[in-house]
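By convention here, the first residue in the shown sequence is residue 1.
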Amino acid sequence: MTPPTLTTDARFTQSTLMEHLAGPADVLLRFRAPSRAAQRRPVNLSLVIDVSGSMGGAPLRHAVHAAQSVVDALDEHDFLSVVLYDDSVHTLIPPARVTDKAGLKTRLSGIRAGGLTNLSGGWLKGIEHVKANASADVVSRVLLLTDGQANVGITDERVLTKTAAQQAEQGVTTTTLGFGNGFNEDLLIGMARAAGGNFYFIQSVDDAADVFGFELQTLKAVAAQNLSVTLQPAPGVNVTEVLGLHRPSPASPLTLDLGDVYEDEDKLLGLKLSLPDLPGGPHPLLTVTYAANLLSDGAITQDRGALVVTAPFGPLTADVETDTEVTLDLARLRIARAKEDAVALADSGRGAEGEQLLRGVVTALQQAGLHEHFDIAEEIEQLQHYATRIASGAFDNASRKELVDQSFQGLARSRSDMSGRGVTVDTAVLNLGVVQDTGSGVELECVRQGGKLRVRAVSDGFDPGRNIQFPRALRADGVHYVVDGLESSADGSFYRVTGDIRRIVRPGEADPLQNLSVGGGYGARRSAARAGVTKAAKTVADLETTDSSDGGILVQCVKEGSKLRARVVQDGYEPDWNMRFPRSIREEGTLYVVDTVATAPDGKSYIASGEIRKLVQPS
């Protein structure tokens with residue numbers, strides 16, 4: 001039987017390139033793995049879960065639920081281990097085949113939070129467990145989840161990133177998952193890119209299971225690994241731009257490591273070529289050689305091949321056609337790269353240039369008529385939204401994380417379900433006029449779906465399942481709007497808003513924006529307690545409870561000799577400083593949410609101020 005091979009394809013944006021015109025040309029390379037039917041390699045997986053204090057409550061509860069859903073999705077052919085880490089590292093589930101699912105889920109349900117963040121220790125232990133069963137016959141991966149900064153163990157980003165690359169060379173890939181707004185996205189993305197894995201921003205706690213499920217689906221769909229591509233331009237041709245998530249080889253900048261290829265999902269690589277003056281007729285412009293490891297009949301085979309990229313040249317005529325699919329794919333890649341570049345400009349204090357870059361992309365997309373495609377229309381709203389935030393100085397932590405996540409997903413994958421994710425709320429929605437009835441307008445509702453904010457029609461006469469192009473800065477989960485009208489796009493696939501936009505809050509209804517936490521979603525509790533030494537409750541049982549640390553500082557009581565000490569277990573604070581904290585409510589191992597933690601006059605201890613609540617752990 002002939003072993004399967006990768007399918008390779010190269011297409012230009014136009015059916016014919018201009019003769020005798022030196023200049024740029026865009027080409028899209030597409031790699032696709034053969035279908036494996038029901039065949040898949042077993043998964044060799046280690047879940048490495050941050051259980052530091054800041055994960056306590058709702059975040060950890062949802063992380064545990066997500067981990068349990070992973071157990072449900074595996075079978076007896078797969079290997080699983082689970083590592084927990086705070087300031088110490090603990091193997092909750094040693095590496096073994098997934099046979100007793102109920103028992104594994106019960107052990108996961110007992111996870112509790114507390115301590116600091118020894119990210120490196122937990123991650124390296126997970127790698128150790130995966131290596132115990134690593135082979136060419138299984139897909140080996142570590143899923144590293146954290147909500148904070150690496151502040152114990154190895155904390156140097158360069159060391160961790162370099163180690164991720166080294167471990168990938170030994171067959172263990174790392175995928176990183178950032179939870180909430182406290183993690184270091186540059187570190188997690190750097191590790192994922194160096195290791196050839198994926199990165200995800202889990203922005204809301206109830207989004208965790210979906211993201212875990214997406215990554216597990218990805219692992220099960222691995223059909224080819226270690227795809228390496230070498231580009232050899234023809235004489236006079238230069239490669240001036242490479243679009244995709246790749247790692248250049250140290251030996252040659254035109255040898256690219258593209259990582260894994262997934263079944264039924266194209267691996268895309270966009271190129272801009274600089275062409276010389278060429279006469280009419282077909283001309284070879286580029287030779288693409290590639291190699292990858294494929295699964296075939298339960299064995300791993302190496303597939304090698306070459307593709308000569310040839311294009312026809314001729315005069316400009318009316319029958320020159322534009323390849324819409326290629327144009328859209330290249331546009332998505334350029335949008336993702338522009339987002340990455342805009343973040344870098346904003347970080348370096350060149351926000352005006354970052355804004356101009358994003359707005360320039362919007363103009364180019366509109367001039368090309370691509371705004372008539374809904375996914376590009378959505379990207380236009382995203383680009384305008386982040387350009388405005390950068391220009392106004394409102395490019396905050398959550399916005400940055402959204403933008404780098406969107407960039408990563410856009411460059412790494414050719415799927416739409418993980419692109420454009422983000423649920424932060426802009427202050428612009430607060431400035432909308434408010435009405436009490438729809439009048440002659442059309443009512444819309446904003447809902448959260450798959451980590452995205454979508455707007456749907458509520459009024460009769462409109463398709464509630466059809467997407468609506470709506471300003472990203474005005475979207476907030478649960479909000480209802482009134483607009484003057486809706487018009488269909490050119491192809492009738494989605495609506496556009498016409499006229500003014502107002503919010504509608506009917507008499508007797510609660511305003512969904514009343515508990516808005518701008519930049520961080522809803523539900524962030526803000527106490528009105530005044531600063532100062534907190535008044536003590538009589539016992540821990542008298543404390544109000546909460547399942548979230550949003551809006552407060554995490555504190556934990558630990559035993560030191562014969563004394564119970566209160567310690568801050570949150571990034572940005574000294575973990576060893578003593579704290580003035582009510583003795584009557586000190587209980588070993590208990591986590592508390594404190595409104596304010598201030599530095600004491602001695603400059604080397606803390607004072608707990610405002611309200612203190614007890615953090616309720618997952619049950």
Side-chain angles (χ1 to χ4, degrees), residues 45-57 59-60 63-64 66-67 81-95 107-108 110-132 141-167 172 174-192 194-195 197 199 202 549 553-560 565-577 588-591 615 617-618:
L45 179 66
S46 183
L47 299 179
V48 179
I49 302 174
D50 183 347
V51 292
S52 60
S54 54
M55 279 291 291
L60 187 57
V64 167
S81 61
V82 177
V83 175
L84 311 178
Y85 69 96
D86 47 14
D87 46 309
S88 60
V89 177
H90 168 60
T91 297
L92 177 69
I93 299 173
R107 296 180 72 177
L108 286 168
I111 295 176
R112 296 293 181 268
L116 298 175
T117 309
N118 186 358
L119 182 149
S120 63
W123 172 54
L124 291 173
K125 178 58 70 173
I127 287 175
E128 177 186 323
H129 290 329
V130 167
K131 283 185 174 180
R141 186 159 300 191
V142 173
L143 267 60
L144 172 66
L145 181 145
T146 184
D147 78 326
Q149 309 283 326
N151 51 27
V152 177
I154 302 170
T155 59
D156 189 306
E157 290 185 30
R158 292 169 299 179
V159 173
L160 291 169
T161 300
K162 183 177 180 179
T163 304
Q166 292 171 341
Q167 295 299 329
V172 181
T174 295
T175 281
T176 57
L177 306 98
F179 208 124
N181 289 325
F183 67 91
N184 180 345
E185 61 268 29
D186 294 328
L187 169 62
L188 296 193
I189 287 177
M191 292 175 66
F199 162 79
I202 304 177
S549 62
I553 310 300
L554 264 293
V555 174
Q556 184 177 38
C557 274
V558 297
K559 195 73 173 288
E560 290 186 355
R565 300 288 194 187
R567 295 281 187 264
V568 181
V569 288
Q570 192 155 311
D571 297 322
Y573 293 85
E574 296 294 335
D576 299 324
W577 283 14
E588 184 178 3
T590 296
L591 284 164
L615 187 70
Q617 297 274 28

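The closest side-chain heavy-atom distance from T175 to L144 is not below 4.5 Å. Between S52 and V569, every side-chain heavy-atom pair lies at or beyond the 4.5 Å cut-off. F183 places none of its side-chain heavy atoms less than 4.5 Å from the side chain of D147. No side-chain heavy atom of V172 sits under 4.5 Å from any side-chain heavy atom of R141. Considering only heavy atoms from C-beta on, D50 stays 4.5 Å or farther from F179 through its side chain. For the pair T117/T146, a side-chain contact is recorded, criterion being any heavy-atom separation below 4.5 Å from C-beta on. Between T91 and H129 there is a side-chain heavy-atom pair separated by less than 4.5 Å.
The two residues S46 and G126 come nearest to each other via the heavy atoms OG-CA, 3.4 Å. Minimum interatomic distance between R107 and L92 (heavy atoms only, all atoms of both residues): NH2-O, 2.6 Å. Listed here is the closest heavy atom pair of V89 and G122: CG2-N, 3.5 Å.
Listed by first and then second residue, the salt bridge (charged side-chain N to carboxylate O under 4.0 Å, His left out) pairs involving residues 175-191 are E185-R400, E185-K401, D186-R400 (not counting sequence neighbours).
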**Asked** Does the pair L143 and L145 meet the rule for a side-chain contact (heavy atoms from CB on, under 4.5 Å), with working shown?
**Response** CA-CA 6 Å; L143 267 60; L145 181 145; over 6 Å; no
**Item:** Intermediate values then yes/no, side-chain contact (heavy atoms from CB on, under 4.5 Å), S88 and N118
**Value:** CA-CA 6 Å; S88 60; N118 186 358; over 6 Å; no
**Item:** Criterion side-chain contact (heavy atoms from CB on, under 4.5 Å) on L47 and V83, from CA distance to verdict
**Value:** CA-CA 6 Å; L47 299 179; V83 175; over 6 Å; no
**Message:** Please evaluate residues V82 and L108 with respect to the criterion side-chain contact (heavy atoms from CB on, under 4.5 Å), reporting the C-alpha separation (whole Å), side-chain torsions for both, the decisive distance (0.1 Å), and the verdict.
**Reply:** CA-CA 9 Å; V82 177; L108 286 168; 4.0 Å; yes
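For T176 (side chain) and L188 (main-chain N/O), a donor-acceptor pair under 3.5 Å exists by modelled atom type. Side-chain atoms of Q556 come within 3.5 Å of backbone atoms of G589 as a donor-acceptor pair (strictly under, hydrogens ignored).
Partners of E560 by salt bridge (charged side-chain N to carboxylate O under 4.0 Å, His left out), not counting sequence neighbours, listed by chain and number: R565, R567. When the side-chain hydrogen bond (donor to acceptor under 3.5 Å, both in side chains) test is applied to T155, no partner is found at least two apart in sequence or on another chain.
A salt bridge between E128 and K125 is present, with a side-chain N of the basic residue lying under 4.0 Å from a carboxylate O of the acidic one.
Note that CE of M55 is 11.0 Å distant from CG of L554, once rounded to the nearest 0.5 Å. Annotation: the span from L119 atom CG to L124 atom CG amounts to 9.0 Å, rounded to 0.5 Å. Note: Q167 CD to M191 CE = 10.0 Å, rounded to the nearest 0.5 Å. Going from atom CD1 of I154 over to atom CH2 of W123 covers 8.0 Å, rounded to the nearest 0.5 Å.
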